[in-house]
2 protein chains.
Amino acid sequence: MATLKDVAQLAGVSPRTVSNVVNDQPYVAGETRARVEAALAALDYRPNQLAKSLRTGKIGLLGFVVPDLAQSHFARLAAEVVQAATARGYTVAVDQTHGDIERERRLIQLGPRGAMFDGAIFHPEALRAEHIEHRESEFPLVLVGERIAGDHLDHVYIDDRAAAYEATRKLIADGHRRIAAIGLRRADYARTAHLREEGVRAALAEAEGVAAGHHQYVERYDAEDGYEAMANLVDSAERPDAVICFNDMLAMGALRRLHEHDVDVPGDMALVGFDDITEASFSFPPLTTVAADHAEIAETAVKALIGRIGDPGGAVREYLVSHRLVVRGSTRR
Amino acid sequence: MATLKDVAQLAGVSPRTVSNVVNDQPYVAGETRARVEAALAALDYRPNQLAKSLRTGKIGLLGFVVPDLAQSHFARLAAEVVQAATARGYTVAVDQTHGDIERERRLIQLGPRGAMFDGAIFHPEALRAEHIEHRESEFPLVLVGERIAGDHLDHVYIDDRAAAYEATRKLIADGHRRIAAIGLRRADYARTAHLREEGVRAALAEAEGVAAGHHQYVERYDAEDGYEAMANLVDSAERPDAVICFNDMLAMGALRRLHEHDVDVPGDMALVGFDDITEASFSFPPLTTVAADHAEIAETAVKALIGRIGDPGGAVREYLVSHRLVVRGSTRR
DNA sequence: TTGTAAGCGTTATCAA
DNA sequence: TTGATAACGCTTACAA
């Protein structure tokens, strides 16, 4: 494979000149340029990105780190991140932590040299605030999802409290009188869950004649958890007539349990989820859910990261991304 | 950030010796090693992967190229590929073609220098055999999915004909008497669709008293296509009592149409899909589907690619991966 | 067992 | 406008 030097030799110029032509620099005489271009074509020259990166210090690679790419929510996010990064000339490398706290911690501490990335977008799962507070590295990092970092790192998030509040208001407006939530978490670092819980409680507190059902705590936010939690509610003496799940997979599991019990949705029980994963459009009935704008999250995170790479010392920023309630068949209209 | 040279200076040895320590080479005296390790720690040395790669010619990065990561099938594959690659010390960079033939062609022609990858796993969508036949590049590439490459490239695939045959046999055994397929394609390069069609036809041909419904051609293999195709079948005078869809998203769309018409599944019509995406487990009823083993595909592809990187000139190989029919509620048991 | 020094293929500095 | 030439940070003959 031809190198810059080979091309220079063939064209009878210096590597410097060839580099100028390749990178569209000014100060190249027309006649010289033509000769170089001919040589370029003759040798089918392709620049070695590695050498270029070593020299310039920019790799052109962004990391995207999530617990598990197989989960629809992360997959959609990844698709949009790749899209947004590609549009800006970056490639995206994906990594999965599977919630392994050690892997996550290592990432946070990563130095820019150790990594093959210029920076990373990171959706933490197990990590908590204290792990981030005394990180020594200056590796450009943008957090998505859990707001665990205080003001130590750039962050892209939605207003979870407001979203949960709105979803609960909708259920109340639809005439439901006993509303339970599935997806609460006890750990004090589970900020997102707490914010959503707050939103639900606030809406319930200010409504007349509406009771809270037995809110359900879960561990893993998957369909199994949702199934189990709904089992508790369905058999309960005070069965709620509406349930809000803190993500769509919980709702999918809950829905499965309701089918088994022949509970009519939304007639006997309405159901709302969070995330708007594709499963939610194809369940029966299709799920009403709080949708963050995936494209906006991705776009924002990529822009924030590229900005941070360009200005490692700048002030930490938070980016609020919009959400909306997508109303489908699992609630009344 | 400290370099090898800095460490060498601090430890009072040559860069060569530091390199030996870092890379666990033999021939380092215990006392020297200790001194170097102290310096390493003191300076918090992290090797520059870029420089290493430039020198060794290996990047440690595999490309994974699919039409769209947001599609569950590709997302699951990606998750497994990342897993398999990580286990072997590689990182995975993801790229999306969105079926853009130009992007796919460029990838195929990619030189190893132009790319930042050591090689790539590629699921083509628009590309055809002729594009691959005269590719000039020797860039290590393993194809997954469509078997478009003849014997020009390594390929990982399932026996689509057998899989479709088995699925159809199951429907016949369940007592269905008019069976249609959704997902046929006219283009002669759509090998997978043709093989599945062959499997269906073979099973129908050898069965007594079973008729073929009006097989449906589609364009994009998404839920919309499935919805439209099912519309044709439901209103037809010769409505089938079982339908086999060539992927799960087609089945999801078809199912939606059936719900709108209050057609009982599987009572009035049984439904089978392909791929076993997560949507299929959470539809109502859950979808019976042909599942390729995603982990096996990914593992095989990653191993094949790494093998190919190590031996660019070796004979082209095909890898057959197993499949099975996952029976759920959309068919009788 | 360790040091010296030559490259990997670029970009960038300094002259010319 | 172009040419030498020195980095970038590492690995690895070849010597010692």
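Residue numbers start from 1 in every chain, and the chains themselves are labelled A, B, ... in the order their sequence lines are given, proteins ahead of strands. These numbers were taken from a predicted model, which means no experiment stands behind them.
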Would you please confirm or rule out a distance under 4.0 Å between OP1 or OP2 of [N] and any side-chain N or O of [X]?
| X | N | value |
| --- | --- | --- |
| B:Ser19 | D:dC10 | no |
| A:Asn23 | C:dT11 | yes |
| A:Tyr45 | C:dT10 | yes |

Length of the line joining [X]:[atom1] and [N]:[atom2], which is rounded to integer Å:
| X | N | atom1 | atom2 | answer |
| --- | --- | --- | --- | --- |
| A:Gln9 | C:dG9 | CD | P | 14 Å |
| A:Asn20 | C:dT10 | CG | P | 14 Å |
| A:Leu40 | C:dT10 | CG | P | 10 Å |
| A:Gln49 | C:dT10 | CD | P | 9 Å |
| B:Lys5 | D:dG9 | NZ | P | 9 Å |
| A:Leu43 | C:dG9 | CG | P | 14 Å |
| B:Lys52 | D:dT12 | NZ | P | 9 Å |
| B:Arg55 | C:dG9 | CZ | C1' | 12 Å |

Does [X] reach the main-chain N or O of [Y] with its side chain, forming a donor-acceptor pair under 3.5 Å?
| X | Y | answer |
| --- | --- | --- |
| B:His155 | B:Gly145 | yes |
| A:Asp68 | A:His98 | no |
| B:Asn23 | B:Gln25 | no |

| field | Mutual orientation of the aromatic rings belonging to B:Phe117 and B:Phe139 [parallel < 30°, tilted 30-60°, perpendicular > 60°] | value | tilted
| request: To the nearest 10°, let me know how far the axis at one end of the helix from C:dT1-D:dA16 to C:dA16-D:dT1 is tilted from the axis at the other, five pairs an end. | output: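 Roughly 40°, once rounded to the nearest ten degrees.
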| message | For A:Phe122, give me all partners under ring pair (Phe, Tyr, Trp, His ring centres under 6.0 Å), at least two apart in sequence or on another chain. | response | none
| said: Regarding A:Thr32, tell me which of base, sugar-phosphate or nothing describes its non-hydrogen contacts under 4.0 Å with the strands shown. | reply: sugar-phosphate
| request: Take B:Arg35 and A:Ala51, find for each the nucleotide of DNA chain C with the closest heavy atom, and name the residue whose nucleotide sits nearer the 5' end. | output: B:Arg35
| field | Which residue lies more 5' along DNA chain C, comparing B:Arg33 with B:Leu54 via nearest heavy atoms | value | B:Arg33
| request: State, yes or no, whether a side-chain contact exists between A:Val144 and A:Thr300 at a heavy-atom distance under 4.5 Å. | output: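 A side-chain contact under 4.5 Å is absent here.
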| query | Got a sec, which residues hit side-chain hydrogen bond (donor to acceptor under 3.5 Å, both in side chains) with A:His123, two or more places apart in sequence or on another chain? | reply |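 Per chain and number, A:His123 pairs via side-chain hydrogen bond (donor to acceptor under 3.5 Å, both in side chains) with no residue.
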| Would you call B:Arg35 and B:Glu31 a salt bridge, using N to O less than 4.0 angstrom? |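 B:Glu31 and B:Arg35: salt-bridged.
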| Among pairs that include at least one residue of residues 293-321 of chain A, which meet salt bridge (Lys or Arg N to Asp or Glu O under 4.0 Å), considering only residues two or more places apart or in two chains? |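 Sorted result for residues 293-321 of chain A: A:Arg88-A:Glu299, A:Asp154-A:Arg308.
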| field | Those residues that, when tested against B:Asp95, pass side-chain contact (heavy atoms from CB on, under 4.5 Å) (two or more places apart) | value |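 In terms of side-chain contact (heavy atoms from CB on, under 4.5 Å), with neighbours along the sequence ignored, B:Asp95 is linked to A:Thr86, B:Val65, B:Arg103.
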| query | Which of residues 11-18 of chain A have a heavy atom under 4.0 Å from DNA chain D? | reply |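 Going residue by residue through residues 11-18 of chain A, the ones with a heavy atom under 4.0 Å of DNA chain D turn out to be A:Gly12, A:Val13, A:Ser14, A:Arg16, A:Thr17.
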| note | Regarding the side chain of B:Ala29, the nearest nucleotide among C:dT11, C:dT2, D:dG9 is C:dT2
